[in-house]
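Written out below as structure tokens is the structure these notes cover.
Values below: all heavy atoms of this structure, side chains included; hydrogens, waters and symmetry mates excluded. Positions are given from 1 along the sequence.
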Amino acid sequence: MINALDKFENQINLFEMKSSTSSFEIKKLGPFKCPICKKQVLLKLGMKRRAHFAHISVSECENARKESKEHYDGKYDLYEYFKRIGGRVYIEKYLESIQQRPDILVEFNNYVICIEYQCSIIPLQQIIDRTKSYHEISLKVLWILGMNMHLPKSKFTYALNSLAIYCLGNSQHSTLCFYDPSKRIFVKLSSLIAFSPTIFVGMKSSYKIENCTPSQLISQVKIDKNDFVTTWCALKKGYRKKQHLYYKGSFYPLKEHLYTLQIDYLPAVIGVPLACNYLLNEHCIVWQGILFLNFIHSKKIGEMIFEKEISDFFFQQIETGIWRVNVVSHKDISNLENCVENYIHFLDQIGIVKQIKNGKIMKIADAIIPKSFQHALDEDCLAASTAFELLFHTLTDNQTLECY
């Protein structure tokens with residue numbers, strides 16, 4: 001903890017203590033106590049870790065969280081950063097109405113935002129509860145993650161854990177922000193689209209903290225189309241090469257469908273990049289494949305299809321636990337309807353169906369069934385290219401921190 005009350009009941013913020021202030025002069029202001037629980041705390045002035053206060057005895061106080069050197073250093077840098085960009089900044093301000101203490105609270109002219117710098121991997125439910133409590137009192141929150149959660153797999157692919165996926169779900173711009181105090185840089189992942197429950201395709205950008213603007217911190221950087229399509233198709237190729245190994249769990253019904261229909265090579269319109277892919281904790285090939293084969297492939301050209309039937313089936317799969325859902329937001333589960341809507345819109349744009357009024361769609365063409373492995377790869381590129389245009393054609397960079 002950085003804040004404490006001195007013997008005169010004045011609050012001390014160690015981040016505001018001048019570097020020339022001697023340890024002896026600071027200690028003269030003690031004994032110190034916690035501003036929340038009022039119990040005595042010690043001032044720690046070691047060589048390896050930034051000066052901080054710590055409870056003398058074990059406590060369940062909100063201020064008694066253990067913090068690493070990385071967290072203290074990063075929190076200090078972020079505190080100075082938000083002061084520099086014009087906010088009124090509070091460190092470890094206790095919000096009594098919700099009994100929470102954000103790392104940093106920043107007041108701008110027309111809104112207030114909580115900054116949480118999360119270096120350690122903690123139970124996801126703690127992150128969910130904390131985020132909900134901020135929203136309950138109309139506070140926005142920006143989660144900035146430690147570099148131990150930045151897990152690149154290749155140049156444009158990243159592994160995300162459940163905590164990072166939740167933070168992504170609470171971002172309006174498909175971005176994740178990390179901070180590295182050892183290098184004093186922000187690392188931002190943007191244009192993130194889920195291929196599998198944990199593997200995402202996206203774009204990495206880095207900014208020195210002293211030069212980073214608020215817009216750069218959260219705005220989405222559009223990934224190059226060729227980089228995106230090439231990366232997505234490489235992941236799809238990897239699946240096609242090993243598709244015989246994918247037969248357990250939720251993949252099993254899909255394998256049964258393909259076997260019954262005598263389809264050797266998956267149609268390219270299954271397993272396409274959609275903004276909503278991350279909402280399900282299932283491979284996009286699974287849920288898109290089941291929906292397509294059940295409701296589109298089986299129909300004749302000119303036949304009408306009711307979108308509600310697809311949506312009802314989709315939610316039945318979720319309600320019965322066949323398909324798992326990522327806990328990504330405090331928002332209503334109706335966001336999941338985007339999965340069906342996005343996929344139908346893609347099929348409309350690629351010329352398989354035509355959307356009619358009143359929730360009806362008409363099948364206007366059969367999907368191409370690849371006749372060879374190379375044919376499948378070529379079709380994958382065409383499908384991914386179409387999906388890319390739908391994903392990013394309306395992207396703008398005019399975002400502010402208020403959007404969180």
Quiz: residues 269-277 side-chain donor-acceptor pairs under 3.5 angstrom, not counting sequence neighbours:
unit_1, atom_1, unit_2, atom_2, d
N277, OD1, Q288, NE2, 3.4
N277, ND2, A194, O, 3.0
N277, ND2, V272, O, 3.2

Whether [X] and [Y] hold their rings parallel, tilted or perpendicular, with breakpoints at 30° and 60°:
X    : Y    : value
F53  : F32  : tilted
H283 : Y239 : tilted
Y158 : H150 : tilted

Considering only heavy atoms from C-beta outward, does the side chain of [X] approach that of [Y] to under 4.5 Å?
X    : Y    : value
I296 : V353 : yes
L163 : C167 : yes
I91  : L14  : no
I127 : W143 : yes
M304 : I361 : no
Q349 : H345 : yes
Y90  : E107 : yes
L254 : Y259 : no

Supply the atom-to-atom distance [X] [atom1] to [Y] [atom2], rounded to the nearest 0.5 angstrom.
X    : Y    : atom1 : atom2 : value
T175 : I218 : OG1   : CD1   : 6.5 Å
I113 : K140 : CD1   : NZ    : 8.0 Å
Q100 : K93  : CD    : NZ    : 14.5 Å
I199 : L151 : CD1   : CG    : 9.0 Å
L5   : L29  : CG    : CG    : 12.0 Å
F346 : L391 : CZ    : CG    : 10.0 Å

Less than 6.0 Å separating the ring centroids of [X] and [Y]?
X    : Y    : result
H52  : Y72  : yes
F15  : Y76  : yes
F156 : F228 : no

Q374: side-chain hydrogen bond (donor to acceptor under 3.5 Å, both in side chains) partners, not counting sequence neighbours: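 Once residues adjacent in sequence are excluded, the partners of Q374 under the side-chain hydrogen bond (donor to acceptor under 3.5 Å, both in side chains) criterion are D378.
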Criterion side-chain contact (heavy atoms from CB on, under 4.5 Å) against Y117, the qualifying member of I104, L142, L78: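 Running side-chain contact (heavy atoms from CB on, under 4.5 Å) over I104, L142, L78 with Y117 returns exactly one hit, L78.
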Member of W323, F315, W287 meeting the side-chain contact (heavy atoms from CB on, under 4.5 Å) criterion with C339: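 With C339 as partner, W323, F315, W287 yield a single side-chain contact (heavy atoms from CB on, under 4.5 Å), made by W287.
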Worked check of side chain to side chain contact (heavy atoms under 4.5 Å, CB included) between I115 and V89: CA-CA 10 Å; I115 309 298; V89 186; over 6 Å; no
Examine distances only and state if a side-chain atom of [X] and a backbone atom of [Y] form a donor-acceptor pair shorter than 3.5 Å.
X    : Y    : value
D103 : K75  : no
D180 : R184 : no
S190 : V221 : yes
N358 : K360 : no
S133 : R130 : yes
R88  : K83  : no
E282 : R324 : yes
S385 : C381 : no
E92  : I2   : yes

Looking at [X], I'd like to know if its [atom1] atom is crowded, meaning that more than 12 non-hydrogen atoms belonging to other residues, nucleotides or ligands lie closer than 6.0 Å.
X    : atom1 : value
F313 : CZ    : yes
K242 : NZ    : no
Q11  : CD    : yes
I322 : CD1   : yes
F373 : CZ    : yes
K39  : NZ    : no

Quick check: closest heavy atoms across [X] and [Y], and the distance to 0.1 Å?
X    : Y    : result
C37  : H55  : SG-NE2, 3.3 Å
F292 : I352 : CE1-CG2, 4.2 Å
P370 : I368 : CD-O, 3.4 Å
S120 : M149 : O-CE, 3.9 Å
P35  : M1   : CD-CE, 3.7 Å
I137 : S97  : CG2-OG, 3.9 Å

What pairs of donor and acceptor atoms, side-chain ones from residues 204-213 against any protein atom, are under 3.5 angstrom apart with sequence neighbours left out?
unit_1, atom_1, unit_2, atom_2, d
Y207, OH, K188, NZ, 3.4
T213, OG1, Q216, N, 3.1
T213, OG1, Q216, OE1, 3.4

Can you find a side-chain donor-acceptor pair between [X] and [Y] that sits under 3.5 Å?
X    : Y    : result
N326 : Y278 : no
H257 : N294 : yes
K222 : S191 : no
E16  : Y79  : yes
D129 : Q125 : yes
S311 : E337 : no

I'd like to know whether K69 forms a salt bridge (charged side-chain N to carboxylate O under 4.0 Å, His left out) with D73, so could you lay out the CA-CA distance, the side-chain angles of the two residues, the decisive distance to 0.1 Å, and finally the verdict. CA-CA 6 Å; K69 180 182 184 300; D73 290 345; 2.7 Å; yes
With side chain to side chain contact (heavy atoms under 4.5 Å, CB included) as the test, would you mind laying out the steps for I263 and H297 before giving the verdict? CA-CA 11 Å; I263 296 176; H297 180 78; 4.1 Å; yes
Would you call D380 and R240 a salt bridge, taking side-chain N to carboxylate O under 4.0 Å as the test? yes
Decide side chain to side chain contact (heavy atoms under 4.5 Å, CB included) for F178 and F186; before the verdict, give the C-alpha distance in whole Å, the side-chain angles of both, and the deciding distance to 0.1 Å. CA-CA 6 Å; F178 304 81; F186 287 112; over 6 Å; no
